[in-house]
2 protein chains.
Amino acid sequence: MTQVRTKPRTPTPRQAARRKAPVDRLLDPAFFKALCDPTRARMVACLVKCGVPCTVSAIAGCCDVDLSVVSRHLKILETGGVLSKIKKGREVVYTVRADDLAHRLRALAAEIEVGCAGCGCPGTGSKTGCCPA
Amino acid sequence: MTQVRTKPRTPTPRQAARRKAPVDRLLDPAFFKALCDPTRARMVACLVKCGVPCTVSAIAGCCDVDLSVVSRHLKILETGGVLSKIKKGREVVYTVRADDLAHRLRALAAEIEVGCAGCGCPGTGSKTGCCPA
DNA sequence: TGCGTACTTGCGTCATTGTGCAAGTATACC
DNA sequence: GGTATACTTGCACAATGACGCAAGTACGCA
């Protein structure tokens with residue numbers, strides 16, 4: 001199913017840590033931090049299921065925390081690149097950055113497959129086998 | 001590029017929150033929590049770049065924290081479904097669950113696109129437009 | 001059986017983060 | 001201009017999490 005690209009490899013973790021690779025950027029902790037809180041995850045899931053941009057008040061309606069907390073969480077999600085924010089009069093409308101997110105997630109999936117393919121480890125779908133017996 | 005599937009939609013966030021959808025499971029905070037710490041992110045990036053299963057000691061060589069801290073972080077990554085662990089004698093070997101991760105990330109990307117497509121919001125690549133003016 | 005290596009766990013400390021309340025800012029409407 | 005609505009920010013507090021050290025467990029080897 002997945003076509004594996006060229007596969008740079010570094011024998012030891014110490015050496016691997018020095019080498020720069022796209023996966024370093026894709027594993028940006030700020031992005032994952034944005035989604036690691038249950039309240040924030042619920043808010044994003046809510047926006048995805050809703051399918052339309054929503055105001056802060058509307059989003060607050062789907063979680064049982066104070067409006068100020070919702071406002072702060074939305075800011076964190078915006079900083080993490082998950083949501084985008086548009087001011088419309090006195091309302092603030094938040095939207096899921098769907099294209100960016102999907103692109104980022106797929107790129108990360110590809111990088112992980114490229115890095116781990118061919119080592120014959122369980123769960124990598126490889127056949128060659130490079131793990132110590 | 002992306003073929004959009006059927007697109008369930010719920011007008012308000014409050015209603016959307018009640019409706020169960022795959023995105024709820026895919027946005028599991030435990031998974032994102034595993035990757036939200038800089039040290040853990042570096043460890044995973046290191047394993048991906050390295051391309052082979054590594055022992056706890058070897059992984060500790062690529063980050064400047066105590067071995068006990070590394071051991072704890074690896075456990076969190078295993079719990080979050082990022083790594084798998086195999087005991088070999090007195091060594092413990094950790095492997096990136098590449099197939100699972102790639103599958104999960106792609107599934108999430110697809111769900112986000114399905115949920116957000118067609119609303120005409122910036123960053124969704126849609127043309128129809130359902131956002132309030 | 002004793003010893004060394006590899007890893008895990010208990011404990012205390014410090015920093016970060018999630019939360020609610022209250023006050024503040026910005027915008028629309030009368 | 002005054003008031004209501006929508007959201008943000010300051011502050012205090014509790015909970016969580018990352019960390020190092022030290023002690024403990026598991027396993028291989030002589």
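By convention in this document, chain letters (A, B, ...) are assigned in the order of the sequence lines, proteins followed by strands, and residues within each chain are numbered from 1.
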K.L.:
Which nucleotides of nucleotides 15-20 of chain C have their base under 4.0 Å from a protein heavy atom (B), which only their sugar-phosphate (S), and which neither (-), written as one string 5' to 3'?
P.N.:
--SSBB
K.L.:
Report the distance from atom CD of B:Glu91 to atom P of C:dT8, rounded to the nearest whole Å.
P.N.:
12 Å
K.L.:
Holding to side chain to side chain donor-acceptor pair (under 3.5 Å), I want the full list of residues that pass it with B:Asp28, two or more places apart in sequence or in another chain.
P.N.:
none
K.L.:
Quick one: A:Leu77 CG to D:dT8 P, roughly how many Å, whole number?
P.N.:
13 Å
K.L.:
Cut-off 3.5 Å, no hydrogens considered: what does the side-chain donor-acceptor table look like for residues 32-48 of chain B, sequence neighbours left out?
P.N.:
unit_1, atom_1, unit_2, atom_2, d
B:Asp37, OD2, B:Thr39, N, 3.0
B:Asp37, OD2, B:Arg40, N, 3.2
B:Arg40, NE, B:Ala34, O, 2.8
B:Arg40, NH1, B:His73, ND1, 3.0
B:Arg40, NH2, B:Lys33, O, 2.9

K.L.:
Should B:Leu108 and B:Val23 count as side-chain neighbours, where that means a heavy-atom distance under 4.5 Å?
P.N.:
yes
K.L.:
Which pairs pass salt bridge (Lys or Arg N to Asp or Glu O under 4.0 Å) with one or both residues in residues 76-87 of chain B, sequence neighbours excluded?
P.N.:
none
K.L.:
Encode nucleotides 25-30 of chain D as B, S and - characters from 5' to 3', where the letter depends on protein heavy atoms closer than 4.0 Å: B to the base, S only to sugar-phosphate, - to neither.
P.N.:
-SBS--
K.L.:
Under the ring pair (Phe, Tyr, Trp, His ring centres under 6.0 Å) rule, what pairs show up with a residue in residues 42-72 of chain A, not counting sequence neighbours?
P.N.:
none
K.L.:
Grab the CG-P distance between A:Leu74 and D:dT9 for me, whole Å please.
P.N.:
12 Å
K.L.:
Taking side chain to side chain donor-acceptor pair (under 3.5 Å) as the test, write out the residues that go with B:Ser71, two or more places apart.
P.N.:
none
K.L.:
Please enumerate all residues that pass side-chain contact (heavy atoms from CB on, under 4.5 Å) together with A:Ala60, with sequence neighbours excluded.
P.N.:
A:Leu67, A:Val70
